[in-house]
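Keep in mind it's a predicted model, so treat the numbers as computed, not measured. Order of the sequence lines sets the chain letters (A, B, ...), proteins ahead of strands, with each chain counted from 1.
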2 protein chains.
Amino acid sequence: MHKQTTHHHIHTVDSLLKKNQLSVTAGRKKILQLFLDQPGALSHGDIEKSAGEKFDRVTVYRTLQTFVDKGIIHTIPTADNSVRYALCKDDCSEGHHHDHHIHFVCNHCHQTFCLDDVVTPAIKLPRGYSADQVEVVVEGICRNCS
Amino acid sequence: MHKQTTHHHIHTVDSLLKKNQLSVTAGRKKILQLFLDQPGALSHGDIEKSAGEKFDRVTVYRTLQTFVDKGIIHTIPTADNSVRYALCKDDCSEGHHHDHHIHFVCNHCHQTFCLDDVVTPAIKLPRGYSADQVEVVVEGICRNCS
DNA sequence: AATAGTTTTGCAACACTGTTGCTTTTTCTT
DNA sequence: AAGAAAAAGCAACAGTGTTGCAAAACTATT
Ligand SMILES: [Mn+2]
Ligand SMILES: [Mn+2]
Ligand SMILES: [Zn+2]
Ligand SMILES: [Zn+2]
């Protein structure tokens with residue numbers, strides 16, 4: 001029955017998991033598909049809802065952590081203190097993220113987007129401070145809502 | 001016994017509370033003093049530790065929220081998803097914060113600082129997006145640790 | 001200084017989020 | 001198909017933050 005209802009995306013998800021040396025499981029396929037099916041970022045709660053009652057909370061947590069470790073997704077800092085995740089589009093790999101883009105939170109639809117084309121600006125720091133990383137989160141109205 | 005051991009800071013804290021139409025209580029004085037006594041930002045946990053076993057957790061939460069509402073302190077977004085608070089040095093008031101500075105998190109001493117002199121940079125967004133607010137958090141090594 | 005009205009605090013109970021250890025189930029390799 | 005390895009599910013727990021309510025503290029007035 002699986003082969004019948006399977007649609008073309010599955011192949012992408014399967015190979016993406018294999019490329020990252022992860023065993024292909026129902027939970028990982030489902031969660032990865034959720035990220036591929038929409039442009040924004042997802043929280044743990046979003047995923048639990050979207051995935052129905054099918055997966056244990058713990059499995060979702062562990063899957064997300066695995067994806068972060070492998071460089072498949074990255075976390076996004078938010079002002080409201082909730083963790084969100086989005087697909088890495090850059091050349092991130094195991095243990096090394098290179099996401100030098102900014103993030104945008106829409107005050108209307110409350111979605112979070114990676115603006116991959118907007119690089120983080122250089123910041124001129126006072127004497128004595130040195131920067132390792134710069135995180136920029138912009139709040140406002142997104143393209144869909146304006 | 002209070003008048004004897006009182007030191008000069010108390011007057012500042014008292015008047016700061018009164019200026020914001022808040023009744024002067026032991027908890028509020030203590031917490032506000034903690035912010036005035038050091039340059040960085042404080043988390044709820046920091047405050048609970050520093051204040052000893054003297055105040056209930058709930059009181060600390062409510063006091064911090066009251067201070068935020070009054071424009072005495074502001075929250076700082078962090079990548080590790082913990083809420084931190086720092087004194088407002090700008091002209092913030094009840095319901096209106098104007099903290100257009102960036103924040104710095106030291107990877108060595110793990111303190112968070114408001115860099116009040118570094119204004120948030122202008123960000124050129126893609127067509128269709130409009131910005132209400134820009135949050136910048138820089139991670140690196142602070143002046144004390146370099 | 002005592003009183004009355006109002007605000008704040010402490011307490012208990014609860015919801016939500018995330019973690020860990022262990023057993024069962026699934027996946028991968030041969 | 002079978003055995004080894006990995007992941008999922010379950011239960012229990014810790015940490016964080018919230019709410020309702022009664023007791024205590026504070027403020028304004030006499
Ligand atoms: Mn991103
Ligand atoms: Mn600040
Ligand atoms: Zn939107
Ligand atoms: Zn430091």
Side-chain angles (χ1 to χ4, degrees), chain A residues 1-3 6 10 13-34 41-70 72-73 75-85 94, chain B residues 1-3 6 10 13-32 41-70 72-73 75-85 94:
Chain A
M1 132 315 207
H2 225 311
K3 286 252 168 61
T6 291
I10 293 285
V13 174
D14 269 57
S15 56
L16 192 48
L17 289 171
K18 281 181 186 145
K19 197 178 80 182
N20 286 279
Q21 289 143 342
L22 291 174
S23 34
V24 178
T25 67
R28 284 173 179 171
K29 276 169 26 171
K30 177 76 183 175
I31 292 174
L32 192 47
Q33 193 64 60
L34 287 175
L42 297 172
S43 68
H44 171 91
D46 294 335
I47 292 166
E48 257 196 285
K49 273 175 236 143
S50 303
E53 308 292 308
K54 288 207 62 173
F55 303 106
D56 194 84
R57 258 160 28 83
V58 178
T59 302
V60 176
Y61 280 117
R62 289 199 269 228
T63 301
L64 289 171
Q65 189 55 55
T66 301
F67 287 178
V68 170
D69 291 344
K70 288 289 185 178
I72 299 172
I73 60 177
T75 58
I76 301 175
T78 55
D80 72 330
N81 220 49
S82 66
V83 190
R84 298 190 162 276
Y85 303 87
E94 185 150 3
Chain B
M1 132 314 210
H2 226 313
K3 286 250 170 61
T6 292
I10 295 287
V13 175
D14 269 56
S15 55
L16 192 48
L17 289 172
K18 280 181 186 146
K19 196 179 79 181
N20 286 279
Q21 288 142 342
L22 292 174
S23 34
V24 178
T25 68
R28 285 172 178 171
K29 274 166 33 166
K30 177 77 183 177
I31 291 174
L32 191 48
L42 298 171
S43 67
H44 171 91
D46 294 335
I47 291 165
E48 258 196 285
K49 272 175 238 145
S50 303
E53 308 292 306
K54 288 207 62 174
F55 303 105
D56 192 83
R57 259 160 27 83
V58 178
T59 302
V60 176
Y61 281 116
R62 290 199 269 228
T63 302
L64 288 171
Q65 189 54 55
T66 301
F67 286 179
V68 170
D69 291 344
K70 287 289 185 177
I72 299 172
I73 61 177
T75 59
I76 300 175
T78 55
D80 72 329
N81 220 48
S82 66
V83 190
R84 297 189 162 277
Y85 303 85
E94 184 149 2

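Residue whose closest nucleotide on DNA chain D sits further toward the 5' end, between B/His44 and A/Thr63: A/Thr63. Of the two residues near DNA chain D, A/Thr59 and B/Gly45, the one whose nearest nucleotide lies more 5' is A/Thr59.
For B/Lys70 and C/dT7, the NZ to C1' distance is 12 Å, given to the nearest whole Å. Between A/Lys54 atom NZ and D/dA7 atom P the separation is 19 Å, expressed in whole Å. Here D/dT16 presents its P atom at 8 Å from CD of B/Glu48, a figure rounded to the nearest Å. Rounded to whole Å, atom C1' of C/dT8 lies 12 Å from atom CZ of B/Phe55. Atoms CG (B/Asp56) and C1' (C/dA13) sit 13 Å apart, rounded to a whole Å. The CG atom of A/Asp69 sits 11 Å away from the P atom of D/dA7 (whole-angstrom rounding). Here the C1' atom of nucleotide D/dG9 and the CD atom of A/Glu53 are 14 Å apart, to the nearest Å. Between the P atom of D/dG17 and the CZ atom of B/Arg84 lies a distance of 12 Å, rounded to the nearest Å.
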Enumerate donor-acceptor pairs with a distance under 3.5 Å from any side-chain N or O in residues 44-54 of chain B to protein atoms, sequence neighbours excluded.
unit_1	atom_1	unit_2	atom_2	d
B/His44	NE2	B/Glu48	OE1	3.0
B/Asp46	OD1	B/Ser43	OG	3.4
B/Asp46	OD2	B/Ser43	N	2.9
B/Asp46	OD2	B/Ser43	OG	3.1
B/Asp46	OD2	B/Arg84	NH1	3.3
B/Ser50	OG	B/Asp46	O	2.9

Residues B/Leu17, B/Phe67; criterion side-chain contact (heavy atoms from CB on, under 4.5 Å); working and verdict: CA-CA 9 Å; B/Leu17 289 172; B/Phe67 286 179; 3.8 Å; yes
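Checked against B/Ile31 for a side chain to side chain contact (heavy atoms under 4.5 Å, CB included), the options B/Thr63, B/Thr25, B/Leu42, B/Val13 give a single hit: B/Thr63.
For the pair B/Leu22 and B/Arg28, the tightest heavy-atom approach, listed with the atom from each and the gap, is CB-NH1, 3.8 Å. Across every non-hydrogen atom of A/Asn20 and A/Leu16, the tightest pair is ND2-O, 2.8 Å. Here the shortest heavy-atom pairing between A/Phe55 and A/Val60 reads CB-CG2, 4.4 Å.
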Contact letters for nucleotides 19-28 of chain C, in which S counts primed atoms plus P, OP1 and OP2 and B counts the base, heavy atoms under 4.0 Å: BBB-----SS
